[in-house]
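Below, chains carry the letters A, B, ... as their sequence lines are ordered, and counting in each starts from 1. No hydrogens, no waters, no symmetry mates; every other heavy atom, side chains included, goes into these values.
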Protein chains: 2
Amino acid sequence: MAAADRTKDPVRTSVWLEGRPAPRRRSEQPAGLDRDKIVAATVRLLDSEGLAKFSMRRLAAELGVTAMSVYWYVDTKDDLLELALDSVTGEIPLPEENEAADWRDSLRLLAAAYRNLLVTHPWVSRLMGEYLNVGPQAMAFATAAQRVVRASGLTPEQLPGAMALVYQFAYGFGTIEGGFTARCQEAGISQDDFLRRVTGAIEDRPEFEESRDMVGARGDSTVEEMRTRDFDIALDCAIAGIEAMRGRTAGS
Amino acid sequence: MAAADRTKDPVRTSVWLEGRPAPRRRSEQPAGLDRDKIVAATVRLLDSEGLAKFSMRRLAAELGVTAMSVYWYVDTKDDLLELALDSVTGEIPLPEENEAADWRDSLRLLAAAYRNLLVTHPWVSRLMGEYLNVGPQAMAFATAAQRVVRASGLTPEQLPGAMALVYQFAYGFGTIEGGFTARCQEAGISQDDFLRRVTGAIEDRPEFEESRDMVGARGDSTVEEMRTRDFDIALDCAIAGIEAMRGRTAGS
DNA sequence: ACCTGAACACCGTTCAAGT
DNA sequence: ACCTGAACACCGTTCAAGT
């Protein structure tokens, strides 16, 4: 199947794998619409109101245009969300190619940036789980992520497992954290207040007795501090694991 | 705020933290409806058709009843989904309390079971990211999960980080895996065929050149084998990390 | 080439009414 | 106590029509 005759495929894979390139603009359009402008407005709306409230009609209103105008630049809502996903993925700062830095430091920076993306854009997690995520920015991140872990000196057989450990951990961590912050934002309440509210509700009910110590605050830390500490310790642990794996053979 | 007068709260936390207990049935109802039956039907529908296609109207049709009948047993769709989430969480086999087994083995079993839950019910991941997940089954799992990692001998300061590393990794891994299998099932295509299709599309397009080795198959393994291998290696790595962290002080 | 309007087949949920 | 029907305010998307 040549690139030229690739057209509508019944099995949807990804916007990025469709034959059709983004339509290029030639001159001033009536409404001044634009794929980039549409994606930017999408990201803005997703950030401020969340994925659940986002709709093509809402987006069109934001752009001062009819709902159907957007469909000139984008095939479906799914495609648009994929574009928005890749767009914010580009916000992750990637380490320099020829940097002499220790791979542990690079790994820590990259994982923290990944976590940060998932927290500042809580809708990102769901889209990553739903779509293939093979856009250019996602690929650039994946390449950098692989390069950083490869510098640890693991064997090619160990590499994918170690990659999964670090980045899937960061994904899971950022997902739960993002869900929590989004919920608080939606309720118009601080994270610490929300936690107090939940622990309060749990204390009132006898059936939650044995799980109380898992939910409450630890010491006098704020929720944010607790989480950053746990994230750092988890990364330390993963890095220590990678170092311990180095030179191990398959069945030891 | 006593348990008795807790009523509708503008800040939604979770079904499990609402004052109202599940209404208990007294005799034969006209349609023989039931909270358990509703939740079971919900799980069945979510498994077979996915979260995107699930609706209260679709569920009602499955139960042979009007859409609004369900609302007698459940306040909102969100509440129902929370109930379904906790219901399948109970499918995870938990290790015996007084087992003399090595914590590494228990951890491997529990993490694998967690991954398995996320893959067999691909809708679970999204709900875990969206809701608080403090239902009884989720709490039982969390308790067991904590007990297993605690047996590794880490300090109380290290414990939450190590927990996060292992279980958030399993969550992230199962999420991506579940999303992939769901996509294949929806398209009516095998996972290996889907992968071949994607790699084929990537080979056709020059802009994906440098990311080709990250997507393709490795050796002659099937997709499923590759993933299990990576998952196991990642867990080995995490366990090695936990062992290396043992006895380390805060800043070493 | 770009944008609109009406229409179709859906949603979750409220509310008054039936039995 | 339990279930229904009509209605409200939404969806994503198609399709014919405008400029």
Side-chain angles (χ1 to χ4, degrees), chain A residues 8 10 12 15 18 20-38 41-42 45-46 49-84 123 126-127 130-131 186, chain B residues 8 10 12 15 18 20-38 41-42 45-46 49-84 123 126-127 130-131 186:
Chain A
K8 287 285 176 198
R12 187 180 184 278
V15 223
E18 284 164 16
R20 181 145 71 95
R24 39 189 65 79
R25 315 215 38 253
R26 301 158 313 117
S27 60
E28 277 312 305
Q29 252 82 52
L33 230 47
D34 193 307
R35 226 190 208 217
D36 288 348
K37 268 181 205 157
I38 289 174
T42 300
L45 273 182
L46 288 170
E49 307 184 359
L51 187 50
K53 288 209 176 94
F54 177 81
S55 79
M56 298 300 272
R57 287 171 151 101
R58 179 77 190 77
L59 170 65
E62 186 77 5
L63 292 165
V65 102
T66 284
M68 291 316 299
S69 305
V70 181
Y71 282 93
W72 179 260
Y73 300 91
V74 140
D75 270 359
T76 75
K77 188 188 180 187
D78 278 325
D79 279 9
L80 176 55
L81 291 178
E82 266 196 278
L83 294 171
W123 45 275
R126 215 186 105 182
L127 300 188
E130 224 131 292
Y131 304 125
E186 212 168 323
Chain B
K8 285 286 175 197
R12 184 177 186 278
V15 224
E18 284 163 19
R20 181 144 71 95
R24 37 190 67 79
R25 315 219 35 254
R26 300 160 311 118
S27 60
E28 275 313 304
Q29 252 81 52
L33 230 47
D34 192 307
R35 225 188 209 223
D36 287 348
K37 266 180 205 158
I38 289 174
T42 300
L45 273 182
L46 288 170
E49 306 184 359
L51 186 49
K53 288 209 176 95
F54 177 81
S55 78
M56 297 301 270
R57 286 170 151 101
R58 179 78 190 77
L59 170 65
E62 186 78 5
L63 292 165
V65 102
T66 284
M68 292 316 300
S69 305
V70 181
Y71 281 93
W72 180 261
Y73 300 91
V74 140
D75 270 0
T76 76
K77 189 190 180 186
D78 278 325
D79 279 9
L80 176 56
L81 291 178
E82 266 196 279
L83 294 170
W123 45 276
R126 216 187 102 182
L127 300 188
E130 223 131 295
Y131 305 125
E186 211 169 321

How many whole angstroms separate atom [atom1] of [X] from atom [atom2] of [N]?
X	N	atom1	atom2	result
L59(B)	dG12(C)	CG	C1'	13 Å
L51(B)	dC11(C)	CG	P	13 Å
Y71(B)	dT14(C)	OH	P	7 Å
F54(A)	dG12(D)	CZ	C1'	12 Å
D34(B)	dA1(D)	CG	P	17 Å
W72(A)	dT19(D)	CH2	P	17 Å
L33(A)	dA1(C)	CG	P	17 Å
M56(A)	dC11(D)	CE	C1'	12 Å

**Item:** Mate of dC10(D) where both pairing distances stay under 3.5 Å, Watson-Crick or G-U
**Value:**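 Per the H-bond distance test, none.
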**Item:** For dC15(C), the Watson-Crick or wobble counterpart (both distances under 3.5 Å)
**Value:** dG5(D)
**Test applied, side-chain contact (heavy atoms from CB on, under 4.5 Å); reference residue, E82(A); option that passes from V15(A), V74(A), L127(A), T76(A)** = V15(A)
**Message:** L63(B) and side-chain contact (heavy atoms from CB on, under 4.5 Å): which single residue from T42(B), D34(B), I38(B), L45(B) fits?
**Reply:** I38(B)
Is [X] close enough to [N] that one of its side-chain N or O atoms is under 4.0 Å from OP1 or OP2 there?
X	N	answer
S55(A)	dC11(D)	yes
S69(B)	dC3(D)	no
Y73(B)	dC3(D)	yes

**Of T66(A) and D78(B), the one whose closest DNA chain C nucleotide lies more 5'** = T66(A)
**Message:** Run R126(A) and E130(B) through side-chain contact (heavy atoms from CB on, under 4.5 Å) and show every step you take.
**Reply:** CA-CA 9 Å; R126(A) 215 186 105 182; E130(B) 223 131 295; 4.0 Å; yes
**Request:** Assign M68(A) to base, sugar-phosphate, or nothing according to its heavy-atom contacts below 4.0 angstrom with the strands shown.
**Result:**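 It contacts base atoms.
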**Request:** With the side chain counted from C-beta on, respond yes when L80(B) and F54(B) share a heavy-atom pair under 4.5 Å apart, and no when they do not.
**Result:** yes
**Request:** Apply the test side-chain contact (heavy atoms from CB on, under 4.5 Å) to residues W123(B) and E49(B): give CA-CA distance (whole Å), side-chain angles for both, the deciding distance (0.1 Å), then the verdict.
**Result:** CA-CA 10 Å; W123(B) 45 276; E49(B) 306 184 359; over 6 Å; no
